[in-house]
Amino acid sequence: MSTLKYPHLFEPIEIGGTLFRNRLFSSPQGFYNLATDLCPGDDMVAFFEAKARGGFASVCVGDCMVDFTRGRHYDWLIPLDNPKLMPGLAKLTSAVSRQGSVISAELSHAGMYALASHLAGAPLYGPVEMEGKYGHVHEMPEEMILETVESFGKAAAFAKRVGFGMVTIHGGHGWLHAQFLSPYINTRKDRWGGSFENRMRFSLAVVESIRRHCGKNFPIEFRMSGSECFEGGYDLDEGIAIAKALDGKVDIIHVSAGNHEIPDSSIITHPSMFKEDGVNLYLAAEIKKHVKTPVGTVGGFTDPAHMEEVIASGKADIINLGRQSLADQDLPNKARLGRDEDINKCLRCCACFSGVGDRRIFYCATNPVTGHEYEDKYLPPAARRKRVLVAGGGVAGMQAALTAAQRGHDVILCEKADKLGGVLRCEENVPFKKKLAGYIEYQIRNIGKAAVDVRLGTPVTPELVEELRPDVVIAAVGARPIVPNIPGIDGKNVLGAEEAYMSHDKVGKVLTIIGGGLVGVELAIFMAQEGRKVTIIEAEKELSLGNPSPHFGALQNKISELDIRVLTSAKVERITESGVAVQTGEGAQEITSDTVVYAVGQKPLREDVMALSRFSREFYAIGDCVAPKNILEATQAAWTIARTIGRF
Ligand SMILES: Cc1cc2nc3c(=O)[nH]c(=O)nc-3n(C[C@H](O)[C@H](O)[C@H](O)COP(=O)(O)O)c2cc1C
């Protein structure tokens, strides 16, 4: 009998002559913070190495380009056709392999979506001539198809040479393979399109080319969408047929879903916080019934007990973790030790995506180490042990107290309320924020284990600072809601967003929310899910949801699904007992509502910060009391500041 809590999850598996130590794979993730020569640097090495050290059986480097000139969607992707990168890639593959993990290179070509190549002057090519998302798409001539097939084989051979232990063909999500496979796109009339056999031809030729270039004992994983999940795209039945055509020719069939170039389908590829864990498992489970090749599943997995059940019941052979591998690189090792309560579970807030587009870096909202693995590796211990007083037990204060205590300081954490968690506590009973409540509890457990002296019901005053005589004060005192200056705002039917969450029984059947930022929109969804008729009023031209990410797509979907009315470029003139009077481009309107809620932002408690700063020589302010932002910004600042304490 196994002594492991999750024996099936940790049963090693031999695939294509390679031994994988368990069933947990870190699913493909591109690393975009590359230097101008695109060579992997130390931070990229540390990013993937941390996952390997955390116990993943395989770690996949996403979106490596097989044809940089014609096939890249971003500029900052690894070109697998450039020998100058060999030393950097060899360093990366060695760091991951030495940790006992099999490193995979995802072989990608964006085809008709190769925006970066196109912006650099290359025409767009896809299976057929059409007007595409980024401009005119030319039909790939036969010679170019054959050349591209060959480039996959050569890229795989290059990957093998620099130390990758396997390759993952990116055959899903809308990229070139998916374009050939899709009946929606691939209506070519020659042997590469039209019928199912013809649409399969490109992928099968690529598999054959990789085998020819790399030999037998080099695992090939094929990442596919089990269903395209949009009208006109292929469905699960055809997903099964694709898998059957690949069966025995590839070593792993990795079943994802959707097409991230099609808005509604993209949020299926990256399941939102509105979906249950493992929402796309049904695709892999059905495909598994029809093939002998090991099958992987992906999408919204966070809980090892659930993953164990998936493997034990034979629904899949491998679990791939994407965002969860950012939220906790050590999940496999913690699950193996049965320390589930120490696992930081992904919120699916998609903050990781929000920096990708323009800043080329991704961090995790609740795991401040992610994106800073290199810094984390080489931080010297604190030179001096300090007495640290943290004022405020919200997200920032909790993280600062935890990190400072983990660095060996004596930490007192004071919170004026009777619970830790701060303003986020108001959302703890919101069904789609269940994981946020779990995160607060996780941080409280960590704080307990780190022996922080927690004092609840204790506001930090200058007198308290004088009494406790800390070496360092960290102010994390938060912000207060901005009350908009609108006639009628003090009416009995008006509430702030926090109060509306906390006392939702006070909110009537018909609700108007002033403010279409993230807080207003999420509140509107919660209220509509409880059966209310909701209108959002936003002064700007569009809802102010910040950087694009799949979360915003999910919010937009919920807005239409729940029939939430949105008025943009709208100014509230006054609030009355029966609702609000609004001015829009189309003139004045009265919106009848039982309750009006304002969600127009937060004002940092800077006076409190200034008062405290006078009473401690070493003083820092973090989180919303500096500038109200989000969980990601709060934890990043808290972690960074707490790590600098004790340098001298
Ligand atoms: C920051 C980030 C980068 C990603 N990069 C890639 C990539 O390069 N190639 C790919 O096939 N999928 C990529 N994905 C998608 C993941 O591999 C995975 O399919 C998706 O996140 C759903 O799994 P999850 O719910 O466990 O996050 C990325 C996901 C994230 C969050």
Side-chain angles (χ1 to χ4, degrees), residues 24-34 44 47-48 51 56 58-65 71-74 76-78 80 104-110 113 167-178 221-226 229 254-261 265-281 283-284 296-303 306-307 310 318-328 331 345-357 359-365 367 370-371 435 547-551 554 632:
L24 290 162
F25 283 26
S26 160
S27 102
Q29 272 173 351
F31 187 91
Y32 312 110
N33 187 17
L34 298 168
M44 179 174 187
F47 174 82
F48 288 106
K51 297 179 190 226
F56 281 97
S58 173
V59 169
C60 185
V61 180
D63 278 342
C64 302
M65 290 289 107
R72 69 189 192 274
H73 50 287
Y74 290 149
W76 45 92
L77 297 170
I78 299 277
L80 278 183
S104 186
E106 184 180 43
L107 308 179
S108 266
H109 189 307
Y113 299 123
V167 287
T168 302
I169 300 170
H170 199 338
H173 301 175
W175 287 164
L176 185 60
H177 280 265
E221 177 178 47
F222 193 91
R223 175 166 233 214
M224 61 177 281
S225 294
C229 300
H254 171 150
V255 184
S256 183
N259 177 327
H260 48 43
E261 297 308 298
S265 165
S266 161
I267 59 173
I268 296 170
T269 307
H270 310 101
S272 73
M273 62 171 69
F274 298 103
K275 304 280 183 198
E276 73 274 21
D277 275 21
V279 60
N280 295 329
L281 170 65
L283 297 167
T297 180
V298 66
F301 286 97
T302 59
D303 176 10
H306 177 212
M307 301 176 209
V310 170
I318 291 159
I319 311 272
N320 288 273
L321 302 182
R323 288 163 291 178
Q324 180 58 56
S325 74
L326 301 175
D328 197 335
L331 179 141
K345 295 198 172 148
C346 169
L347 305 181
R348 271 186 244 143
C349 64
C350 289
C352 48
F353 280 105
S354 61
V356 170
R359 282 172 287 155
R360 306 192 302 171
I361 186 77
F362 42 84
Y363 300 122
C364 171
N367 179 0
T370 299
K435 289 203 161 57
N547 281 346
S549 95
H551 183 52
L632 188 145

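For ligands, and for the atoms within them, numbers begin at 1 and follow the listed sequence. Only this structure's heavy atoms are used, side chains among them; waters, hydrogens and symmetry mates stay out. Only a predicted model underlies this, so the values are computations on that prediction, with no experimental measurement involved.
Checking Thr168 against Glu221 by side-chain atom types alone, a donor-acceptor pair falls below 3.5 Å. Donor-acceptor pairing under 3.5 Å is recorded for the side chains of Thr302 and Asp277.
In this structure, the side chain of Gln324 engages the main chain of Cys346 through a donor-acceptor pair within 3.5 Å.
Rounded to the nearest 0.5 Å, atoms CG (Leu24) and CD1 (Ile318) are 10.0 Å apart.
Under 4.0 Å from any atom of ligand 1, one finds heavy atoms of residues Ser27, Pro28, Gln29, Gly30, Tyr32, Gly62, Asp63, Glu106, His170, Arg223, Thr269, His270, Pro271, Val298, Gly299, Gly300, Leu321, Gly322, Arg323, Cys352, Phe353, Phe362.
Using the six-membered ring where Trp is involved, His170 and His173 have ring planes that are perpendicular, over 60° apart on the 30 and 60° scheme. Using cut-offs of 30° and 60° for the angle between ring planes, the Trp175 and His260 rings count as perpendicular.
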